[in-house]
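Here the structure comes first, spelled out in structure tokens, and everything after it is commentary.
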There are 2 protein chains.
Amino acid sequence: MAAERRQGTRERILAIAREEFAQRGYSGTTIADIARRLGTTTAALYYHFTSKADILDSLLAEPLAAYGRLIEQTAAASMPAAALLAAYIDFTAETRELIPVIAADQSAMRALLDERLPRSPEEMTAAIIAALAGPQPSRAATIRAHAAFAVVKEATLAALATSDGRLAAPDRDEILTAALRALSE
Amino acid sequence: MAAERRQGTRERILAIAREEFAQRGYSGTTIADIARRLGTTTAALYYHFTSKADILDSLLAEPLAAYGRLIEQTAAASMPAAALLAAYIDFTAETRELIPVIAADQSAMRALLDERLPRSPEEMTAAIIAALAGPQPSRAATIRAHAAFAVVKEATLAALATSDGRLAAPDRDEILTAALRALSE
DNA sequence: GTCTATATTGTGATAGAC
DNA sequence: GTCTATCACAATATAGAC
């Protein structure tokens, strides 16, 4: 509480917004909700941010750019599947607090994703699947690629939900092993 | 088009709403959007449904009840993991058109889920994980259970996205095999 | 069953004082 | 930096004619 008050107001707004957006969704959260938890009025928010969308953008711009870089890197170098999956586990763990913001209100994110990602979310997922499935993949290999990607995304979040916020090394190994098993023929 | 016009107006509204909700999210879709695609006015919709929430409820009530029954069944009988995972693949395939409605605007679904599910979504997921992880599961076994569940959810949707709408038997086998591999020690 | 017109409310955003 | 006051608009919903 004391620590929270020592932060700049801007940072406190972002922290509150992150929690509210994750719980109620971006559309379901009002500026008034954030202002009330901050202990001020809606007008005060507009001194720190130009709009509600600006708050969302401030939260997600950097992580989305990082996600974009990760994809470019994946597409360029031909990474082994294990390295690629490990990279996604680590990325998910690092951005764990922001993933629920996107998941809670996917459709409201559309505009932001179009602006902040180098390619459409669908194309980016397709790039990952292609990298995991290998050249000239069979239909079965493509399905296994989807399976492995699903594992790194969801099992990582599940492991983090019952931990102190850091991903323990044994958990990371277990997730990676499970993903590689799902990918194997 | 001719076939669409032969349906009752109520059914046409539901079909349009399903598409719009899946694309723009429940919050992001207005009654006016639906009315425009229907070729009428918003007032006309209120002859067929009592509210916007009533449209959502009419779409999802039955599938959510079915999901609830599936969980009860899972918790009661001690199903083998393979049977349980297969049941979830089939359930996902059967309700494929409605899953995007929920996914697009998760937080807006909260009220409906509370009303239409026997337990909270979190508890229901926990029941599935418990059934997959077995009695007195290690942390690793719990992670593998999450991994297997992620596979049946996401790989099934991925397979359906590139098919005629039905889940082909070889695809179903491939998904089940990948899930069981992710679950295996 | 569908229309026009309108009531009502919620919410993002701004003006201007302090 | 924050306040009071208020605007503008969009969206759900209703009344009553046809």
Side-chain angles (χ1 to χ4, degrees), chain A residues 1-61 101 104-105 107-112 115, chain B residues 1-2 4-60 101 104-105 107-112 115:
Chain A
M1 197 63 171
E4 195 174 76
R5 197 151 307 166
R6 218 175 348 256
Q7 306 175 297
T9 304
R10 184 187 163 88
E11 298 308 313
R12 289 178 54 214
I13 293 170
L14 287 175
I16 293 169
R18 177 169 51 69
E19 288 177 31
E20 294 288 315
F21 290 168
Q23 244 182 33
R24 309 172 191 275
Y26 176 75
S27 307
T29 302
T30 68
I31 302 276
D33 288 335
I34 299 172
R36 185 165 17 80
R37 274 194 52 185
L38 187 67
T40 65
T41 63
T42 68
L45 291 187
Y46 284 88
Y47 175 82
H48 300 277
F49 296 92
T50 66
S51 67
K52 185 184 174 187
D54 183 34
I55 300 178
L56 183 69
D57 190 65
S58 300
L59 277 174
L60 295 180
V101 171
D105 205 346
S107 50
M109 300 297 128
R110 203 77 220 184
L112 180 63
E115 187 191 358
Chain B
M1 196 63 170
E4 195 175 76
R5 196 152 305 168
R6 219 179 345 258
Q7 305 174 298
T9 304
R10 184 186 164 88
E11 298 308 314
R12 289 178 55 213
I13 293 170
L14 288 174
I16 292 168
R18 177 169 51 69
E19 289 177 31
E20 293 289 314
F21 289 167
Q23 244 182 32
R24 310 173 188 275
Y26 175 74
S27 307
T29 303
T30 69
I31 302 276
D33 289 335
I34 300 173
R36 185 165 17 79
R37 274 195 52 185
L38 187 67
T40 65
T41 63
T42 67
L45 291 187
Y46 284 89
Y47 175 81
H48 299 279
F49 296 92
T50 67
S51 67
K52 184 184 175 186
D54 183 34
I55 300 178
L56 182 69
D57 189 65
S58 300
L59 277 175
L60 295 180
V101 171
D105 204 347
S107 50
M109 300 296 127
R110 204 78 221 181
L112 179 63
E115 188 191 356

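So you know, we letter chains A, B, ... as the sequences are listed, proteins then strands, and number each from 1. Below, each value reflects all heavy atoms present in this structure, side chains not excepted, and no hydrogens, waters or symmetry copies.
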- [ ] Can you check each nucleotide of nucleotides 13-18 of chain D against protein heavy atoms at under 4.0 Å and return B for base, S for sugar-phosphate only, - for none, in 5' to 3' order?
- [x] BBB---
- [ ] Assign B:Thr41 to base, sugar-phosphate, or nothing according to its heavy-atom contacts below 4.0 angstrom with the strands shown.
- [x] base
Open item on the list: If we ignore hydrogens and angles and just use 3.5 Å, is the side chain of A:Ser107 paired with the main-chain N or O of B:Ala104 as donor and acceptor?
Closed with: yes
TODO: Scan for ring-ring contact (aromatic ring centres under 6.0 Å, His included) pairs involving residues 22-52 of chain A, sequence neighbours excluded, and state none if there are none.
DONE: A:Phe21-A:Tyr26
Task: Sugar-phosphate only, base, or nothing, as touched by A:Thr29 at under 4.0 Å among non-hydrogen atoms - done: sugar-phosphate
TODO: Please report, rounded to the nearest Å, how far the C1' atom of D:dG1 is from the CZ atom of A:Phe49.
DONE: 14 Å
Task: d(CG, A:Asp54; P, C:dG12) in whole Å - done: 14 Å
Open item on the list: Rounding to an integer number of Å, can you tell me how far B:Leu45 CG sits from D:dA11 P?
Closed with: 14 Å
Pairs under 3.5 Å (N/O, protein and nucleotides 6-9 of chain C):
none

TODO: Just jot down the salt bridge (charged side-chain N to carboxylate O under 4.0 Å, His left out) partners of A:Arg10, sequence neighbours excluded, or say none.
DONE: none
Open item on the list: Does any part of the side chain of A:Ile16, heavy atoms only, come nearer than 4.5 Å to the side chain of A:Glu19, both counted from C-beta?
Closed with: no
Task: Candidate nucleotides D:dA11, D:dC3, C:dC3, ranked by approach to the side chain of B:Ala44 - the nearest - done: C:dC3
Open item on the list: I'd like to know whether B:Asp54 forms a side chain to side chain donor-acceptor pair (under 3.5 Å) with B:Ser51, so could you lay out the CA-CA distance, the side-chain angles of the two residues, the decisive distance to 0.1 Å, and finally the verdict.
Closed with: CA-CA 5 Å; B:Asp54 183 34; B:Ser51 67; 5.5 Å; no
Task: Which residues share a side chain to side chain contact (heavy atoms under 4.5 Å, CB included) with A:Ala44, sequence neighbours left out - done: A:Thr40, A:Thr41
TODO: Might you work through the side chain to side chain donor-acceptor pair (under 3.5 Å) test for B:Ser27 and B:Asp105, ending with a clear yes or no?
DONE: CA-CA 7 Å; B:Ser27 307; B:Asp105 204 347; 3.0 Å; yes
- [ ] Could you check how far CZ of B:Arg10 sits from P of C:dT2, rounded to whole Å?
- [x] 13 Å
Task: Distance in angstrom units between A:Tyr47 OH and D:dC3 P, rounded - done: 13 Å
Task: Residue A:Thr40, side-chain atoms from C-beta onward, closest of D:dG1, C:dT2, D:dC3 - done: D:dC3
Task: Partners passing side-chain hydrogen bond (donor to acceptor under 3.5 Å, both in side chains) against B:Arg18 (at least two apart in sequence or in another chain) - done: none
Open item on the list: Determine whether B:Leu45 and B:Leu38 satisfy the following criterion, side-chain contact (heavy atoms from CB on, under 4.5 Å), listing intermediate values before the conclusion.
Closed with: CA-CA 9 Å; B:Leu45 291 187; B:Leu38 187 67; 3.7 Å; yes
